[in-house]
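Scope of the values below: all heavy atoms of this structure, side chains included, with no hydrogens, waters or symmetry mates.
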Amino acid sequence: MTSSLMRGRPRRATARTRVRVAHAVLGGLAGAGWLMLPVMTMTAHDPVPAAAAAAGPVAGAAERQDETSSADLVLPLVAGATAVSLAGYGYLRRTRRARTRTTPGTVSAQPPAPTRADSERQARAALLLADECVRTSREELSFVRDLSGQERTEPFTRALRAAETELSAAFAIWRRYEEGVPEDAGSRRQALVGVIGRCAEAGRRLDAEAEALDGLRGLGGPGAAPRPVARGTEADGPGAGGRGGASAALEVAEGRFREAAARTVTEQETLAALRERYASTASAPVAGYVEQAKDRLVFATARLNEARQAADMDDGERTARHLRAGEGAVAQAETLVGAVERLAAHLREAAGLVPSALTGAEAELAAVRDGERASPPPDEPRARLAHADGVLAAVREELTGGPYDPLDALRRIGRTVERLGGARSGVLGVATLLVARCSVAGAEEFVAAHRGAVGTPARARLAEAVRELGAGRASRADSVAREARELGERDVRAYGSPYAGAEGEAAGLAGAVLGGVLLAEDPDGGPPAAYGGPLTRSRHHL
């Protein structure tokens with residue numbers, strides 16, 4: 001109803017304009033006719049009797065005729081001027097109203113420029129979508145690579161790397177924009193345009209290869225035209241199209257499913273051991289991960305069974321849809337159990353570094369005190385020294401007194417030395433790098449396993465942490481990664497899933513939506529996320 005009203009308003013406005021113009025033209029013609037009337041009657045002479053040619057009556061008649069002719073000329077002039085003035089006033093009023101009118105029925109010739117807030121919202125949305133496209137493309141490509149090998153998937157790998165480069169640059173521009181760089185308004189608008197443009201280019205790179213990837217997999221889904229096979233390769237091998245492609249893809253997915261299920265049992269025991277050996281804060285980053293992995297595997301079981309049945313019935317599109325959803329759930333389970341395994345390894349390595357890190361930190365404090373004897377420092381450096389002594393004493397007490405968190409101990413030691421301006425080389429540098437790597441990996445795993453709820457701020461901080469770690473600024477990378485994790489956890493707490501606890505809910509549906517396996521556009525969770533950009537990532541509709 002609203003759209004029809006909006007379509008009707010311009011036509012009625014045009015009709016009213018035409019009526020007004022017609023009225024103005026008619027008024028002008030009437031005034032002009034009245035003005036020309038005396039001119040047209042000046043040559044008309046009524047016959048005058050010869051007897052009426054006396055001097056007195058003729059003079060009086062001539063005087064009255066001059067007065068009447070003057071009146072006849074003035075009145076048409078006034079009427080014409082009035083008509084023209086009214087027409088001009090009406091035109092100016094309509095023009096002013098058209099320029100300032102804001103009703104829905106009016107379509108401006110030049111739409112208003114977006115505000116800064118609108119451009120920022122658009123940039124955040126573009127970053128979120130591009131990051132999702134890159135993550136899901138990386139996920140599916142891992143299954144295709146297991147199926148078809150590195151050489152045949154190289155074009156898709158190159159497209160993914162190009163998209164990752166564009167996305168990284170977009171996040172870097174966004175971060176500088178948040179920090180107030182550049183400062184002038186015009187350059188800041190261009191920065192937002194750059195963010196949106198790079199995100200669009202990342203999506204375009206992936207969209208361009210989505211159809212070819214479907215063809216390589218040979219699943220019979222949308223756009224699954226096989227990629228031309230080079231001479232000398234096996235045209236009937238895995239991924240070459242037909243039922244062989246579907247069966248081979250299912251075998252890869254089911255094999256990884258079995259491995260993930262076995263690892264889930266193993267990592268559940270690993271997590272129990274971590275809770276016994278270390279303080280509760282040590283295993284807190286992966287709390288609940290094993291249970292979430294089991295939930296994803298339940299969902300994967302149902303989807304892979306559906307895909308197997310569809311493949312047996314030669315239903316290629318249905319096979320592709322359910323297989324992709326099952327693969328996504330398996331990848332999520334691998335991420336979750338892998339996080340537990342990785343954390344256990346980092347904790348063991350950190351526990352081995354704590355004693356030597358303490359020794360190195362005490363040596364740094366001794367060097368600072370030697371400098372203090374040469375030139376006594378102000379009160380603030382003395383307070384820092386006293387605080388550092390307290391931190392190192394607390395860590396040593398934890399080390400000898402019972403369960404503790406080795407990674408947190410290394411973090412406190414490194415920060416203490418950093419505040420004193422000491423060198424973080426040798427064992428202290430190794431300890432700081434280990435802590436940073438653990439924090440960045442933990443934030444990455446959390447975002448990957450909960451990306452259906454995690455927003456742009458957390459992803460932007462994670463991208464910054466990766467850049468800082470790559471640049472060798474380990475301490476900064478650790479801080480930013482922890483901030484990214486906190487922002488992500490806040491998003492998950494605020495996330496309200498319409499599927500959790502719903503009557504008749506499919507097994508694991510809420511977890512699949514939370515993890516971004518399904519795109520949550522429909523009551524059944526929406527289509528599965530697939531390799532591709534904004535135009536192709538949801539092509540497998542359920």
Problem set entry | Step-by-step side chain to side chain donor-acceptor pair (under 3.5 Å) determination, T115 to D118 | CA-CA 5 Å; T115 64; D118 292 337; 3.0 Å; yes
For this session: Apply salt bridge (Lys or Arg N to Asp or Glu O under 4.0 Å) to the pair E327 and R217, showing each step before the final yes or no.
Result: CA-CA 13 Å; E327 288 175 343; R217 303 201 74 180; 2.4 Å; yes
Exercise. Do V195 and Y177 come within less than 4.5 Å of each other through their side chains, counting heavy atoms only?
Worked result: no
Exercise. OG1 of T456 to CG of L487: how many Å apart, nearest 0.5 Å?
Worked result: 11.0 Å
For this session: Would you please test R318 and M313 for side-chain contact (heavy atoms from CB on, under 4.5 Å) and show each step?
Result: CA-CA 10 Å; R318 188 162 164 257; M313 294 186 293; 3.2 Å; yes
For this session: Kindly state each residue pair satisfying ring-ring contact (aromatic ring centres under 6.0 Å, His included) with at least one member in residues 450-485, sequence neighbours excluded.
Result: F446-H450
Problem set entry | Closest heavy-atom pair and its distance - A529, R324 | O-NE, 2.8 Å
Problem set entry | Residue pairs passing the salt bridge (Lys or Arg N to Asp or Glu O under 4.0 Å) test where at least one lies in residues 180-192, sequence neighbours excluded | none
For this session: Give the C-alpha distance, both sets of side-chain angles, the deciding distance and a yes or no for side-chain contact (heavy atoms from CB on, under 4.5 Å) between E483 and L462.
Result: CA-CA 8 Å; E483 182 183 356; L462 175 56; over 6 Å; no
Exercise. What residue pairs, at least two apart or across chains, pass salt bridge (Lys or Arg N to Asp or Glu O under 4.0 Å) with a residue in residues 289-298?
Worked result: none
Problem set entry | Residues R461 and E468 bridged, charged N to O under 4.0 Å | no
Problem set entry | Closest non-hydrogen atom pair, A449 against L336 | CB-CD2, 3.5 Å
For this session: Grab the two heavy atoms, one from A170 and one from L127, that are nearest each other, plus how far apart they are.
Result: CB-CD2, 3.8 Å
Exercise. Is it true that a side-chain atom of D207 and a backbone atom of T536 form a donor plus acceptor pair closer than 3.5 Å?
Worked result: yes
Problem set entry | Intermediate values then yes/no, salt bridge (Lys or Arg N to Asp or Glu O under 4.0 Å), E317 and R539 | CA-CA 10 Å; E317 292 187 5; R539 61 190 178 276; over 6 Å; no
Exercise. Should D405 and L347 count as side-chain neighbours, where that means a heavy-atom distance under 4.5 Å?
Worked result: yes
Problem set entry | S283 and L271, any side-chain heavy atoms less than 4.5 Å apart | yes
Exercise. Which value, rounded to the nearest 0.5 Å, describes the distance between I196 atom CD1 and Q122 atom CD?
Worked result: 3.5 Å
For this session: Can you measure from CZ (R459) to CG (L167) and round to the nearest 0.5 angstrom?
Result: 9.5 Å
Problem set entry | Six-ring centre of F143, R256 cation under 6.0 angstrom, axis tolerance 45° | yes
Exercise. Can you tell me how far the CG atom of L428 sits from the CG atom of L410, to the nearest 0.5 Å?
Worked result: 9.0 Å
For this session: Identify the heavy atoms of L514 and A453 that sit nearest to each other, and give their distance.
Result: CD1-CB, 3.7 Å
Exercise. Do V447 and R135 come close enough that some side-chain heavy atom pair is under 4.5 Å?
Worked result: yes
Exercise. Can you name the salt bridge (charged side-chain N to carboxylate O under 4.0 Å, His left out) partners of R204, sequence neighbours left out?
Worked result: E201
Exercise. Any side-chain heavy atom of Q268 sitting closer than 4.5 Å to one from T264?
Worked result: no
Seminar exercise, completed: In short, salt bridge (Lys or Arg N to Asp or Glu O under 4.0 Å) pairs touching residues 164-177 with sequence neighbours left out are R138-E164, E166-R198, R175-E178, R175-E179, R175-E464
For this session: Any salt bridge (Lys or Arg N to Asp or Glu O under 4.0 Å) involving residues 260-277? Give me the pairs, sequence neighbours left out, ordered by first then second residue.
Result: R263-E341
For this session: Verify the ring-centre separation between F171 and W174: is it less than 6.0 angstrom?
Result: no
For this session: Could you tell me the separation between the SG atom of C133 and the CG atom of L160, rounded to the nearest 0.5 Å?
Result: 11.0 Å
Exercise. Say you draw a straight line from CG of L518 to OG of S538; how long is it, rounded to the nearest 0.5 Å?
Worked result: 12.0 Å
Exercise. At their closest point, which heavy atom of A350 faces which heavy atom of L407, and how far apart are they?
Worked result: CB-CD2, 3.7 Å
Problem set entry | Check against salt bridge (Lys or Arg N to Asp or Glu O under 4.0 Å), D312 and R308 | CA-CA 6 Å; D312 292 340; R308 178 65 70 181; 5.2 Å; no
For this session: Answer with yes or no whether the side chains of S137 and R537 bring together a donor and an acceptor at under 3.5 Å.
Result: no
Problem set entry | R412 vs V435, side-chain contact (heavy atoms from CB on, under 4.5 Å): CA-CA, chis, key distance, verdict | CA-CA 10 Å; R412 285 183 288 160; V435 171; over 6 Å; no
For this session: Please step through side-chain contact (heavy atoms from CB on, under 4.5 Å) for the pair F299 and Q332, ending with a clear verdict.
Result: CA-CA 11 Å; F299 178 82; Q332 292 265 302; over 6 Å; no
Exercise. Okay, side chain of R485, backbone of P285: is any donor-acceptor separation there less than 3.5 Å?
Worked result: yes
Exercise. Side chains of T136 and E140: does their closest heavy-atom pair fall under 4.5 Å?
Worked result: no
Exercise. Closest approach of A448 and T335, non-hydrogen atoms and distance?
Worked result: CB-CG2, 4.2 Å
Exercise. Under the 3.5 angstrom rule, does the side chain of Y531 hit a backbone N or O of F156 as a donor-acceptor pair?
Worked result: yes
Problem set entry | Single hit among H346, E349, R411 for side chain to side chain contact (heavy atoms under 4.5 Å, CB included) with C438 | H346
Exercise. Taking side chain as C-beta onward, heavy atoms only, is L343 less than 4.5 Å from Y289?
Worked result: no
Problem set entry | Residue pair L141 / L213, side-chain heavy-atom distance below 4.5 Å | yes
